[in-house]
S.K.: 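Below is the structure I would like to discuss, written out as structure tokens.
Every chain is numbered from 1, with letters handed out A, B, ... down the list of sequences.
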Amino acid sequence: MIDVKNLSFSYGKRKVLQDINFHIEQGQKVAILGPNGVGKSTLFKCLLGLEHQYGGEITIEGENLKKLSCKALAKKIAYIPQSHPLTFDYSVMDMVVMGTAHQFPWFASPNKEAYEAGILALEQLKMVSFKNRIFNQLSGGEKQMVLIARALAQKASILVLDEPTSNLDYGNQVLVLNQVETLSREGYTIILSTHNPQHAMKYADVVIALSDQRIVAIGEPKVVINAALLKELYKTDVVIHWIGDDAMFLPKKDDQENDVFVEAQNG
Amino acid sequence: MGLIILISLSLGRYQVSIINVFRILINEIVPLQETWSSEMASVVLNIRVPRILLAVLVGSCLSVAGVSYQGVFQNPMASPDLLGATSGAAFGAALAILLGGSSMMISMSAFIFSLLTVLIVYFIGKKASGNSVMNLILSGIMIGSLFTAGTSLIKLVADPTNQLPSITYWLMGSLSGAKNKEVVFVALPMLLGLTPLILMRYKINILTLGDDVSKSLGINPDHMRLIVIVASTMITAASVSISGMIGWVGLVIPHLTRKIIGNNYQYLIPGNLIIGGGFMLIVDNISRNLLSVEIPIGILTAFIGAPFFAYLILRKEGAIHD
């Protein structure tokens, strides 16, 4: 569905991405894992057609991304940005209906069907009761859900979520990620970026780990994510505890490190 | 709106009843028995009709231009003079007055310089690297102040007995120059600019979300922004070229309209068209009738606009604390 070949990108002379190769199948949940500032957002900008000055090739459903107009791209791929306050107070309904904007010509306003699609998207997320609320007055989690609803109204089958949990409290993180899980079961292809290995482990089918401009690991989370990878990504020692099928990530404290050292000496 | 126009037509130093105004207007289409004098008909048709049409057009255009600029620049404080359209017009008008141009030439010169200023601003903003919206605003401030300085220079060298007062009077803003011929002259660019804004009004919403989101929603922000800026500049230039500097309308009316009907441009643009036109007409009635001497409308809009804006801001604060 999405093919990325030899992708590279630089801002001026500073290289941000190099030798990026991966393939995403329809219906997969893909997590781009990496520390802040490693180029996750840049990768997304390339995938979304926001940056065209990249090297290599990106194809979506067999079509070269650079040859697609933003209107054609909007039919295939929807972007769910990190929630941020809007300049103007739009209602939730207005926000969601804006997802349909690519479906009608430049001189037209949304018709009844567009509003019905908006309601449908809100229903899908059980958010209909919010439709007359002001977007800017919602909590972070609610805003994120509205942005997801807008992407659903856009009727694209690929959803790209930029750090969907980064500004949310614990409960809202779980709420949003469970929603993403549900959408994945409904057939959407999901690509999300995160710096939290726990989220990548629990919610992704495929993890693409980025470090130092390159992909350092790619594959099933249980296979790929280990202490060595996390050390490489975050320059931190992490202990992974398995509780049944669930992994727990704990930072290794300094005295633990000493213990290991002592054990090693004794051994 | 129709009622305000009718009442406005009957207001003035020369008494004409509303009924007679109505009959005079109808008489233009279907001949009626004359219950009015020919002076009455002349005052209504040749003086008041063009002036009232102009007031409505200018009010509508400045408000729509203001609200459109606010959208494309994602900035609720944007107003039609943001890109230097009014400073350019002022310079053009002052220059024409200095060179002894007729009123038609003053308007022409104001219109051309207004467009020219925004053109320069646009190209400087485009050439600069980085955030294009911010660059446009910055170069607008820069070029705007350049032309304001130019206007000051012209005032300095202008003949203080007749040129300087007419420059100063022009800068204060007035609709008194309205004649049928001139109204037709500005109505053309106004309609030309208003049409695309009215047609593509919904999509301005998308622009307010920022360029990245706009693109990912399938709307090319660069094309859209260019069209909206060109159209808004055209109607602003046309307005100020005949009315002079009328401040505040392009800022206050958009905010008032947002308060009344919300922020969706689908309704915001028609709302500004009507409320802006109505507001300007009422202010112009005050300007014509309050004192025996006409008060420049630019002074009145500032006197009414500024306190009103303060009220809107204070009320907004209150709403947040509720």
S.K.: Looking only at heavy atoms, what is the nearest atom pair of A/Met98 and B/Leu217, with distance?
M.R.: O-CD1, 4.0 Å

S.K.: Give, as side chain, backbone, both or neither, the part of A/Lys75 having an atom under 4.5 angstrom from any heavy atom of chain B.
M.R.: neither

S.K.: Check A/Phe88 against B/Gly71 and note the closest heavy-atom contact, atom names and distance.
M.R.: CE1-CA, 4.3 Å

S.K.: Highest number of heavy-atom pairs under 4.5 Å with chain A: which of B/Asn220, B/Ile219, B/Asn205, B/Ile206?
M.R.: B/Asn205

S.K.: Would you indicate whether the side-chain heavy atoms of B/Gln74 and A/Leu86 approach each other to under 4.5 Å?
M.R.: no

S.K.: With a 4.5 angstrom heavy-atom cut-off, could you sort out which part of A/Pro105 is near chain B: side chain, backbone, both or neither?
M.R.: backbone

S.K.: Please report the shortest heavy-atom distance between A/Ala74 and B/Ser216, naming the atom on each side.
M.R.: CB-O, 3.6 Å

S.K.: Given heavy-atom pairs under 4.5 angstrom as the criterion, report whether the side chain, backbone, both or neither of A/Ile77 touches chain B.
M.R.: backbone

S.K.: If you count heavy-atom pairs under 4.5 Å with chain A, which of B/Thr208, B/Asn264, B/Asn263 comes out on top?
M.R.: B/Asn263

S.K.: Hey, what do you get for CZ (B/Phe73) to OG1 (A/Thr87), rounding to the nearest 0.5 Å?
M.R.: 13.0 Å

S.K.: Kindly check if the number of other-residue, nucleotide or ligand heavy atoms within 6.0 Å of NZ (A/Lys45) is above 12?
M.R.: no

S.K.: Heavy-atom count around A/Lys66 NZ within 6.0 Å, excluding the residue itself: above 12?
M.R.: yes

S.K.: Verify the neighbour count for atom CE of B/Met142: are there more than 12 heavy atoms of other residues, nucleotides or ligands below 6.0 Å?
M.R.: yes

S.K.: Is there a side-chain contact between B/Met224 and A/Trp106, using heavy atoms and a 4.5 Å cut-off?
M.R.: no

S.K.: Counting neighbours of NZ on A/Lys131 that are heavy atoms of other residues, nucleotides or ligands and sit closer than 6.0 Å, is the number greater than 12?
M.R.: no

S.K.: Side chain from CB out, backbone as N, CA, C, O: work out which of these in A/Leu50 comes under 4.5 Å of a heavy atom of chain B, or both, or neither.
M.R.: both

S.K.: Distance check, rounded to the nearest 0.5 Å: B/Tyr265 atom OH versus A/Asp94 atom CG?
M.R.: 12.5 Å

S.K.: Using a cut-off of 6.0 Å, state whether more than 12 heavy atoms not belonging to A/His23 lie near its atom NE2.
M.R.: yes

S.K.: With chain B, which of A/Pro110, A/Gly49, A/Ser69, A/Pro81 has the greatest number of heavy-atom pairs at distances under 4.5 Å?
M.R.: A/Pro110

S.K.: So, do A/Ser109 and B/Lys203 sit near enough that their side-chain heavy atoms are less than 4.5 Å apart?
M.R.: no

S.K.: Would you find more than 12 non-hydrogen atoms of other residues, nucleotides or ligands less than 6.0 Å from A/Glu61 atom CD?
M.R.: yes

S.K.: So for B/Lys215, is it side chain, backbone, both, or neither that comes closer than 4.5 Å to the heavy atoms of chain A?
M.R.: both

S.K.: What part of A/Ala108 is in contact with chain B, defined as an atom under 4.5 angstrom from a non-hydrogen atom: side chain, backbone, both or neither?
M.R.: backbone

S.K.: Using a 4.5 Å cut-off on heavy atoms from C-beta on, say whether the side chain of B/Tyr202 contacts that of A/Phe104.
M.R.: yes

S.K.: Would you indicate whether A/Glu186, at its atom CD, is surrounded by more than 12 heavy atoms from other residues, nucleotides or ligands within a distance under 6.0 Å?
M.R.: yes

